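Take a look at the structure set out below.
Side chains are part of it too, since the values below use all heavy atoms of this structure and drop only hydrogens, waters and symmetry mates. Order of appearance sets the numbers: ligands from 1, and atoms from 1 within every ligand. We're numbering straight along the sequence, starting at 1. This one's a predicted model, so the numbers in the text were calculated from it and none came from an experiment.
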Amino acid sequence: MSTHPLLPSNYRPRRTMLYVPAHIHRHIEKSQGLDADSIIFDQQESVPPQQKEQARENLQTMIQGVDFGHSEKVVRINPLNSPWGFDDLAAACQLDIDAVMFPRIESAEQLEENIYHLDRLGGKHLKVMANIESPLGVLNAKEIAANDRLDVIVLGTTDLSNELKLNLTPDRSGLLTSLSLVILAARAYKKCVIDGPHFDLKDIEACEYSCRQARDLGFDGKTVIHPIQLNYTNDAFTPKRDEINKAKRILAAIEEANKADRSMAVLDDRLIEPSLSEWAERVLSVYETVHKIGQSELCGPEK
Ligand SMILES: CC(C)(COP(=O)(O)OP(=O)(O)OC[C@H]1O[C@@H](n2cnc3c(N)ncnc32)[C@H](O)[C@@H]1OP(=O)(O)O)[C@@H](O)C(=O)NCCC(=O)NCCSC(=O)C[C@H](O)C(=O)O
Ligand SMILES: [Mg+2]
């Protein structure tokens with residue numbers, strides 16, 4: 001958690017959120033030793049109907065009292081209007097987890113109803129995450145993000161691409177409007193916002209590209225579907241040595257300028273506006289928080 005004034009008080013790094021199908025024992029076991037900032041035990045899309053009960057049972061027997069290191073524990077339930085949603089939610093409220101994720105959230109009212117049942121079933125202590133993964137969800141992102149109980153928005157880019165009937169190209173040009181609308185909504189209400197997963201496990205270059213693209217668009221992190229994607233996704237969202245040095249120099253230059261009764265500073269022949277100090281402090285505090293919580297190799301070679 002962060003105590004930095006520019007980060008929300010409940011801020012934690014979510015550079016990587018790993019989906020783990022909850023009906024597969026060896027995936028749950030494997031996820032214990034992985035360097036994922038969050039683990040999403042999935043009862044929804046990755047679990048076929050005939051395995052839904054097994055998935056719920058596995059969570060009760062395989063994650064209670066088990067040490068998942070620094071990883072945040074999240075359970076994605078089935079939609080409440082499905083045959084499994086309410087049983088999943090009631091069971092999740094009794095688990096030793098940090099958050100519940102609601103899939104396919106399309107309106108503020110629907111999210112409110114989900115949270116009402118979460119609280120009623122004993123989950124008031126849990127953080128709330130919502131998948132936005134449909135055109136209607138994107139169009140209503142502003143109202144969804146405004147909910148005070150909501151902590152994290154996670155894009156479901158596969159469902160969204162299908163429903164938009166677009167061809168998913170490597171540069172994701174067809175998705176950019178939707179991604180940006182959801183990021184705008186999340187930032188307007190100071191919510192954490194996470195990109196959807198990259199599905200091609202073999203093409204690491206394409207996945208690295210999509211991580212950097214997500215970071216440059218303003219996402220806080222990315223969902224991943226296989227352990228192989230963790231290292232470079234963590235890396236893409238970890239401030240680098242040159243960024244940290246630049247941030248420190250910017251803060252020093254602004255301090256010097258202030259001492260001389262000027263609000264603008266000049267650094268390396270560039271004008272530094274006071275608002276850049278916010279960027280600099282955020283980079284430093286993300287780095288410090290990641291460093292405190294995570295075990296990743298941080299601050300790698302300059303890029
Ligand atoms: C894609 C997979 C089916 C591949 O699984 P597998 O064939 O077992 O892969 P490997 O043999 O290469 O695995 C190597 C070891 O890694 C472990 N492993 C693999 N995947 C995971 C995982 N997700 N979590 C934890 N551990 C994992 C294996 O157990 C091997 O270790 P070991 O047992 O020690 O040998 C599989 O990766 C998979 O099912 N991935 C998750 C898919 C998923 O969750 N999809 C749904 C979420 S995405 C989504 O819904 C997005 C959104 O809603 C949208 O609409 O866009
Ligand atoms: Mg989905």
Who's the nearest protein heavy-atom neighbour of [atom], and how far?
atom                    : value
atom 21 (C) of ligand 1 : Pro227 CD, 3.4 Å
atom 54 (C) of ligand 1 : Gly156 CA, 3.4 Å
atom 15 (C) of ligand 1 : Lys30 CE, 4.2 Å
atom 39 (O) of ligand 1 : Pro21 CG, 3.5 Å
atom 40 (N) of ligand 1 : Ile225 O, 2.8 Å
atom 10 (P) of ligand 1 : His226 NE2, 3.5 Å
atom 53 (O) of ligand 1 : Glu45 OE1, 2.6 Å
atom 6 (P) of ligand 1  : Arg26 NH2, 4.0 Å

**Q.** Nearest atoms (heavy-atom pairs only) where Ile225 meets Leu18
**A.**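 Looks like C-CD1, 4.0 Å.
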Q: Measure across Gly156 and Glu133 and return the closest heavy-atom pair with its distance rounded to 0.1 Å.
A: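 Where Gly156 meets Glu133 most closely, the heavy atoms are O-CB, 3.3 Å.
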Within ligand 1, which atoms have a heavy atom of [X] less than 4.0 Å away?
X      : value
Asp159 : 54 (C), 55 (O), 56 (O)
Val20  : 24 (N)
Ser46  : 43 (C), 44 (O), 45 (N), 46 (C)

Would you say [atom] touches the protein, meaning some protein heavy atom is under 4.0 Å from it?
atom                    : answer
atom 3 (C) of ligand 1  : no
atom 25 (C) of ligand 1 : yes
atom 13 (O) of ligand 1 : yes

Pairs of nitrogen or oxygen atoms closer than 3.5 Å, one from [X] and one from ligand 1: do any exist?
X      : result
Gln44  : no
Glu133 : yes
Asp42  : no

Give a yes or no on whether a salt bridge exists between [X] and [Y], defined as a side-chain N under 4.0 angstrom from a carboxylate O.
X      : Y      : answer
Asp98  : Lys73  : no
Lys191 : Asp151 : no
Arg104 : Glu163 : yes
Arg76  : Asp42  : yes
Lys259 : Glu256 : yes
Glu72  : Lys127 : yes
Glu112 : Arg149 : no
Asp88  : Arg56  : yes
Lys52  : Asp87  : no

(Q) At under 4.0 Å between heavy atoms, is it the side chain or the backbone of His27 that contacts ligand 1, or both, or neither? (A)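 It is both parts that get close, each with some atom under 4.0 Å.
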Q.
If the test is side-chain contact (heavy atoms from CB on, under 4.5 Å), which one of His226, Gln229, Arg172 qualifies with His198?
A.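 The residue from His226, Gln229, Arg172 that satisfies side-chain contact (heavy atoms from CB on, under 4.5 Å) with His198 turns out to be Gln229.
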Tell me which N, O or S atom from [X] is the closest to the Mg ion (ligand 2).
X      : answer
Asp159 : OD2
Glu133 : OE1
Glu45  : OE1

Q: For Arg76 and ligand 1, answer yes if some heavy atom of the residue is under 4.0 Å from a ligand atom, otherwise no.
A: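 It does, in that a heavy atom of Arg76 comes within the 4.0 Å cut-off of ligand 1.
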Q. Does some non-hydrogen atom of Gly196 fall short of 4.0 Å from ligand 1?
A.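 For ligand 1, residue contact (heavy atoms, under 4.0 Å) with Gly196 is absent.
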Q: Let me see the working for Tyr189 and Lys142 under side-chain contact (heavy atoms from CB on, under 4.5 Å), right down to the final yes or no.
A: CA-CA 8 Å; Tyr189 291 97; Lys142 180 174 165 230; 4.1 Å; yes
Q. Taking the six-membered ring where the residue is Trp, are the ring centres of Phe68 and Phe41 under 6.0 Å apart?
A.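 Close enough - the centres of the two rings lie under 6.0 Å apart.
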